[in-house]
Amino acid sequence: MDIVFGIIDMKIENTLDSLVRDFLVSSYSIKCFILLFLFSFSLVFLINYSHATDNNEVASKVQKFNFVAAGDFGCGDEAKKTIDMMSSKQPELVIALGDLAYKKNPDCWFNLISPLEKGNKFKISFGEHDVSRGNVTYDKYLNQFNLIKPFYSFDYNNVHFIAMATAKNKLIPYNETSEQYQFIKNDLIQASKNKKIDWIIVYSFRSFYSSNTTHPGLDELQDAYHPLFEKYNVDIVLQGHNHNYQRTYPLSYNVTKIKTLKIITT
């Protein structure tokens, strides 16, 4: 089973490195185009072809819905533009990939996302800034989204989503001895047996894989979770943290450490 890893990060207040800036030209408009291209079309166009062998099989598995995903928002003007654009597509599901408000009091971000938050369709993962600013901030996020723990899962139509908390292992442990690892392992076992589930998508904050950028991919996440994802047929991993857009070719886990990894950047 090959897995696609992608970084979706829409915080545009920080300066992009020169290579990404030159390519993107207009950081906001092009990033929004990429976001909407990937996630505003029905999910079937994104991943059905990795499973289907012919058009009849694709047609038999169609359960269309649209969803949007972004990370590293903040509370500034660019975050508002991003949220407005997401809202204009009337998504049935919204996924936030961590580093949400960048503030000790996240109320400003809660106000920004309110147009998208109706009907329990807004789902978050926790970033470093969301858990390192004290228990008050962390508890506000839990309460706002009716969460008991920072890692959880849910089904939407025939898709199983798993939210990971990968801010820092010392803040919310994610290594192989952690409660989170055991939860994700058990959850994947059950999801892989569920005949109503055709796709499994994991989303988190910290990058499993990344091209040379501010935050490199993390070996300990690769080694702990990629074999697990492969064994239980995870299709896509969405991740944030780096303030640019990346996606990988489908990857199989390899214990040999490769110094260079070909990443598609657009």
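Keep in mind that this is a model prediction, so the values were computed, not measured. Each residue takes its place number in the sequence, starting with 1.
- For the side-chain contact (heavy atoms from CB on, under 4.5 Å) test with Phe161, the passing option among Leu238, Ile200, Val202, Leu93 is Leu93; the others fail.
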Criterion ring-ring contact (aromatic ring centres under 6.0 Å, His included) on Phe145 and Phe122, from CA distance to verdict
CA-CA 8 Å; Phe145 297 99; Phe122 206 108; 5.7 Å; yes
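- Among residues two or more places apart in sequence or in another chain, the side-chain contact (heavy atoms from CB on, under 4.5 Å) test is passed with Pro173 by Asn169, Ser178.
- Here the side chains of Ile197 and Val159 are not in contact, with every heavy-atom distance at 4.5 Å or above.
- For the residue pair Pro91 and Leu116, the shortest heavy atom distance occurs at CG-CD2, 3.8 Å.
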Pair Val94, Met86 - check side-chain contact (heavy atoms from CB on, under 4.5 Å), show working.
CA-CA 9 Å; Val94 182; Met86 295 164 76; 3.9 Å; yes
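- Evaluated for a ring pair (Phe, Tyr, Trp, His ring centres under 6.0 Å) with Phe126, the options Phe205, Phe151, Tyr138 yield exactly one hit, Tyr138.
- Distance check: Lys64 NZ to Glu92 CD gives 11.5 Å after rounding to the nearest 0.5 Å.
- Rounding to the nearest 0.5 angstrom, the gap separating the NZ atom in Lys195 from the CG atom in Asn158 is 16.0 Å.
- Contact detail for Ala224 and Tyr181: the closest heavy-atom pair is O-CE1, 3.4 Å.
- Between the side chains of Asp187 and Ser153, at least one donor-acceptor pair of N or O atoms lies under 3.5 Å.
- Every residue two or more places apart in sequence or in another chain that forms a salt bridge (Lys or Arg N to Asp or Glu O under 4.0 Å) with Lys140 is listed here: Asp107.
- Note that CG of Asp235 and CG of Asp198 are 9.0 Å apart. Values are rounded to the nearest 0.5 Å.
- In this structure, Asn194 and Asp155 have side chains that are in contact, with non-hydrogen atoms separated by less than 4.5 Å.
- Looking at every heavy atom in both residues, Thr137 comes nearest to Lys103 through CG2-O, 3.8 Å.
- If you take OH on Tyr225 and CD1 on Ile184, they are separated by 4.5 Å, rounding to the nearest 0.5 Å.
- Taking the side chain as every heavy atom from C-beta outward, Tyr174 and Lys168 never approach each other to under 4.5 Å.
- Judged by distance alone, the side chains of Asn186 and Gln182 do bring a donor and an acceptor atom under 3.5 Å apart.
- Residues Glu128 and Asp99 approach most closely at N-OD1, 3.0 Å, considering heavy atoms.
- In this structure, Val234 and Leu188 have side chains that are in contact, with non-hydrogen atoms separated by less than 4.5 Å.
- Using a 30° and 60° split on the angle between ring planes, Phe65 and Tyr156 fall in the tilted class, from 30° to 60°.
- Taking OG of Ser87 as the start and CE of Met85 as the end, the distance is 11.0 Å to the nearest 0.5 Å.
- For the pair Tyr152 and Lys123, the minimum side-chain heavy-atom distance is below 4.5 Å.
- Residues Pro106 and Tyr141 meet the side-chain proximity criterion, which asks for heavy atoms closer than 4.5 Å.
- Between Ile172 and Val131 the shortest side-chain heavy-atom distance falls below 4.5 Å.
- If you take OH on Tyr203 and CZ on Phe67, they are separated by 10.5 Å, rounding to the nearest 0.5 Å.
- Side-chain atoms of Ile83 and Phe73, non-hydrogen and from C-beta on, do get closer than 4.5 Å to each other.
- The heavy-atom pair separating Gln180 from Ala165 by the smallest distance is OE1-N, 2.7 Å.
- In terms of the salt bridge (Lys or Arg N to Asp or Glu O under 4.0 Å) criterion, Glu117 has no residue partners (sequence neighbours excluded).
- Judged purely by atom type and a 3.5 angstrom limit, Ser125 uses its side chain to pair as donor or acceptor with the backbone of Ala96.
- Between Asp84 and Lys80 there is a salt bridge, with a side-chain nitrogen of the basic residue lying less than 4.0 Å from a carboxylate oxygen of the acidic one.
- Taking every heavy atom of both residues into account, Leu112 and Gly74 meet most closely at CD1-O, 3.9 Å.
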